[in-house]
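Chain letters run A, B, ... following the sequence lines, proteins first, then strands; residues in each count from 1.
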There are 4 protein chains.
Amino acid sequence: MATPSGVEASNTRDRILDAAVEVIAERGYSAAGVQEIIDRAGTSKGSFYFHFPSKETMTMALLEQMSNRLIKRVQEAVQGEPTPLHRVAAGIEFLLATFSRHRKVAQVLLVNLMGHGRTIDRRFLPIREKLSELIKGELDAAVAQGQIECQDTSLVAAVWVGALHEVIMRWLLTGQPSPLSGVAPELRSTLLRSVGVDPAMFQPLQRRA
Amino acid sequence: MATPSGVEASNTRDRILDAAVEVIAERGYSAAGVQEIIDRAGTSKGSFYFHFPSKETMTMALLEQMSNRLIKRVQEAVQGEPTPLHRVAAGIEFLLATFSRHRKVAQVLLVNLMGHGRTIDRRFLPIREKLSELIKGELDAAVAQGQIECQDTSLVAAVWVGALHEVIMRWLLTGQPSPLSGVAPELRSTLLRSVGVDPAMFQPLQRRA
Amino acid sequence: MATPSGVEASNTRDRILDAAVEVIAERGYSAAGVQEIIDRAGTSKGSFYFHFPSKETMTMALLEQMSNRLIKRVQEAVQGEPTPLHRVAAGIEFLLATFSRHRKVAQVLLVNLMGHGRTIDRRFLPIREKLSELIKGELDAAVAQGQIECQDTSLVAAVWVGALHEVIMRWLLTGQPSPLSGVAPELRSTLLRSVGVDPAMFQPLQRRA
Amino acid sequence: MATPSGVEASNTRDRILDAAVEVIAERGYSAAGVQEIIDRAGTSKGSFYFHFPSKETMTMALLEQMSNRLIKRVQEAVQGEPTPLHRVAAGIEFLLATFSRHRKVAQVLLVNLMGHGRTIDRRFLPIREKLSELIKGELDAAVAQGQIECQDTSLVAAVWVGALHEVIMRWLLTGQPSPLSGVAPELRSTLLRSVGVDPAMFQPLQRRA
DNA sequence: AATGAATGAGCTTTCATTCAT
DNA sequence: AATGAATGAAAGCTCATTCAT
């Protein structure tokens, strides 16, 4: 499953987006040529520009689609958890598992769409911003419920997102750890400690892979 | 002080590197044209290629110079501290202060030189790798001295580097917090907690800016 | 008639090839810029590189096209002749007449595409190689039929090709003789003598042009 | 002995010329950069332009030096021969032997300095022109002495030069025949026949290699 | 005589985008 | 909706030549 959607797309627009993920993951944004994208998508220049006004627009559409889909899935995956802290922990585990299965999506989302001039920088934040907000929301809830002490949840959320990002990036560039999800327990412990929770006291629910 | 060296360079090679930091910070690596770099450096195409065999080589030289210089300064800044944990804490504070003063260096180092094909990816890691190693070294020493409990210091180092990276990136893209070094106390607390140290028990030395 | 095809080409690819012959003939291979070629062809840079992957590839395509076309025409022109020796003689006359009418093709084929690094050198040989083989074939047939004595036909073919080349090159550079085909009778006599045939005994058929 | 002079030159000017032969033989005229020439000559840009006003001028000096030297040596080598025809035959043999020992000189003289815009074309002829004149002179003498019949000696000279050129070029590009001078007897026979002389009736003097 | 950093016009090649079909 | 030839600005890079030392 290397496509953002996870299935072979049947309409041209989605085939273009799927091809774009592949090419951008392999070459980086700037070196990803429209020609190669349409070659892999099995369509034509004209078709590309019929569906998207520009390469940049298409990239932003790609970004938005991937971000939204990912966030939605995280939220779904986390619904059954009993407490805010359980939800964040589960969310982090889910993210590691998901990126592990969609290496190229991870690469594009976390590595290849950065630093290409302001326009994309700004639009790139959403995934981290939304993740941050998700985490901050749960942390705030945890504070409200007395699960953790009062603290700068905004900063903590940033720390957690940065930690996740770093761990995944290392995996992308070095292949370690293999599998990626192997770090989940230790990472969860470290992050829980960072908000003053004793990992030993925190019993996660049993969940599927 | 926008130049990597912090002073107006007088030889051509350094003027090119200084100009490159500026242009790459403003436009990103791919969009940073040799033409604009030499325009700002006040030199010529031929001169550029007399000093560097290619744009890529020049970028790697830039990266190496900046990384080495930064790491060296961190090490110097941290020498006087009494314990390993004091040293990491001081190092983080120093990094925030330094990047705060060299915004463009931070941007280039942490944002703009990623995702441009393997060659630069691989060479890009050093700054994070070295930072990671520095931190891991101190954490290991802290474990050895009984300052903190035994744990996966490699993962913790990654978490700390990721946290730093995230905090700085947010500042680069949003300007918050202002000044950047304002987060230092809270960040230190969060990171110390993550290794099981009570921030309240940890008394930093008094230090200059 | 300065175009390889002899007629104004209507498709872009052929217009590029025709323009290339002109420019290469005037300036030599290295000094023949893609810019000037496309200017004369009335097309654009992008168009050039849409039709050919590189300037070198295009030059080789040009070479191949011209060689094949020329060889084919020589073979056709020579079909009606009664004996091997008549065929070679007619072929030489035909070549002189053809180059006489296509000065620039001659220049490119025989002068301008030599000595530019192995790649083109190797591909350049075909026209001489093929001509050599054509001549050697007829000489071998002449030996088999007892028209001439047994001898190193391979060397003789080389001598004849060299003689032709030299005569044409002088004409290209000095304009002498005018017309080029004026040397045909004397050249034929000299070459026939070189294989031991008395030119006076050799009665060519009557032919056009 | 790969240098035009046959010995390691001791003054800068000659070291440049020697290096130029090497580089031009290896890369062709256009691709032979001044930088590589001075690198091999062990001197500097400034030095090059102190000794020669331009690359082109230097090339012409090279050409002239090589041509004059070669022609002079041919004339010396041929002095002892009894008849005009003996002299041409000896000259051809000497040329083959000489080029055989100075492969790069042959390459530069016969292959690499052709087809690079009018200026060099014109200056390039001398070697062939002078060779032609040498041969024509002897042929005229042979006619005057009744050694051969009256004929267009100018054309015959061209044919002979072309034959030589072709044979040497094939050797340069294919390495055949090895050694080059192996073709001398057959070539002499063919050329003698081309002026109506029975090779069997022609007894060359004994000479050193 | 010699050095080598500097120059800048020019090179081949790329690529997002357009448009007639 | 789709095609693909065409466009042209701009890219990275080369190289003969100059000049202060």
Stem regions touching DNA chain E, defined by at least 3 consecutive Watson-Crick or wobble G-U pairs below 3.5 angstrom: E:2-21 with F:2-21

CG-CD distance between B:Leu172 and B:Gln107, expressed to the nearest 0.5 angstrom: 5.5 Å

d(CD, B:Glu36; C1', F:dA10) in whole Å: 13 Å

Salt bridge A:Arg27-A:Glu22, side-chain N to carboxylate O under 4.0 Å: no

For atom CD1 of A:Ile38 and atom P of F:dT3, their distance in whole Å: 9 Å

A:Phe50 CZ to E:dT18 C1', straight-line distance once rounded to whole Å: 15 Å

Rounded distance (Å) that lies between atom P of F:dA16 and atom CD of D:Gln35: 9 Å

Earlier contact from the 5' end, DNA chain F, for C:Thr43 and B:Ser47: C:Thr43

B:Arg13 vs B:Leu17, side chain to side chain contact (heavy atoms under 4.5 Å, CB included): CA-CA, chis, key distance, verdict: CA-CA 6 Å; B:Arg13 197 190 129 99; B:Leu17 289 175; 4.3 Å; yes

Inter-residue atom distance C:Arg128.CZ - C:Ser67.OG, 0.5 Å rounding: 11.5 Å

Pick out the pairs of N or O atoms, protein on one side and nucleotides 19-21 of chain E on the other, that lie under 3.5 Å.
none

Distance (rounded to the nearest 0.5 Å) between A:Arg15 CZ and A:Ile37 CD1: 14.0 Å

Same-atom distance (C1') from F:dT21 to E:dA1, integer angstrom: 13 Å

Spacing between D:Ile16 atom CD1 and E:dA2 atom C1', to the nearest angstrom: 10 Å

Upstream residue (5' side of DNA chain E) when C:Pro53 and B:Thr12 are each assigned their closest nucleotide: B:Thr12

Distance in angstrom units between B:Ile37 CD1 and F:dA10 P, rounded: 17 Å

Whole-Å gap separating P (F:dA6) and CZ (C:Phe52): 11 Å

Atom pair distance, as rounded to whole Å: CG in D:Asp39 and C1' in E:dG4: 11 Å

B:Ser54, nearest nucleotide to its side chain (from F:dC13, E:dA6, F:dT7): F:dC13

Closest to side chain of D:Lys55, choosing from F:dG12, F:dT17, E:dA1: F:dT17

Residue met sooner reading DNA chain E from 5', once C:Val34 and A:Val34 are mapped to nucleotides: C:Val34

Residue mapping more 5' on DNA chain F - nearest nucleotide basis, B:Phe48 or C:Arg13: C:Arg13

Atom pair CD1 (C:Ile24) and CD (C:Glu26), whose distance is rounded to the nearest 0.5 Å: 11.0 Å

salt_bridge(D:Glu64, D:Arg69) N-O dist < 4.0 Å: no

cation_pi(C:Lys55, C:Tyr29) dist<6.0 Å, angle<=45: yes

From OG (A:Ser47) to CD1 (A:Ile38), nearest 0.5 Å: 8.5 Å

Spatial distance of atom CZ (D:Phe50) from atom OG1 (D:Thr12) [nearest 0.5 Å]: 9.5 Å

Sugar-phosphate only, base, or nothing, as touched by C:Ala31 at under 4.0 Å among non-hydrogen atoms: nothing

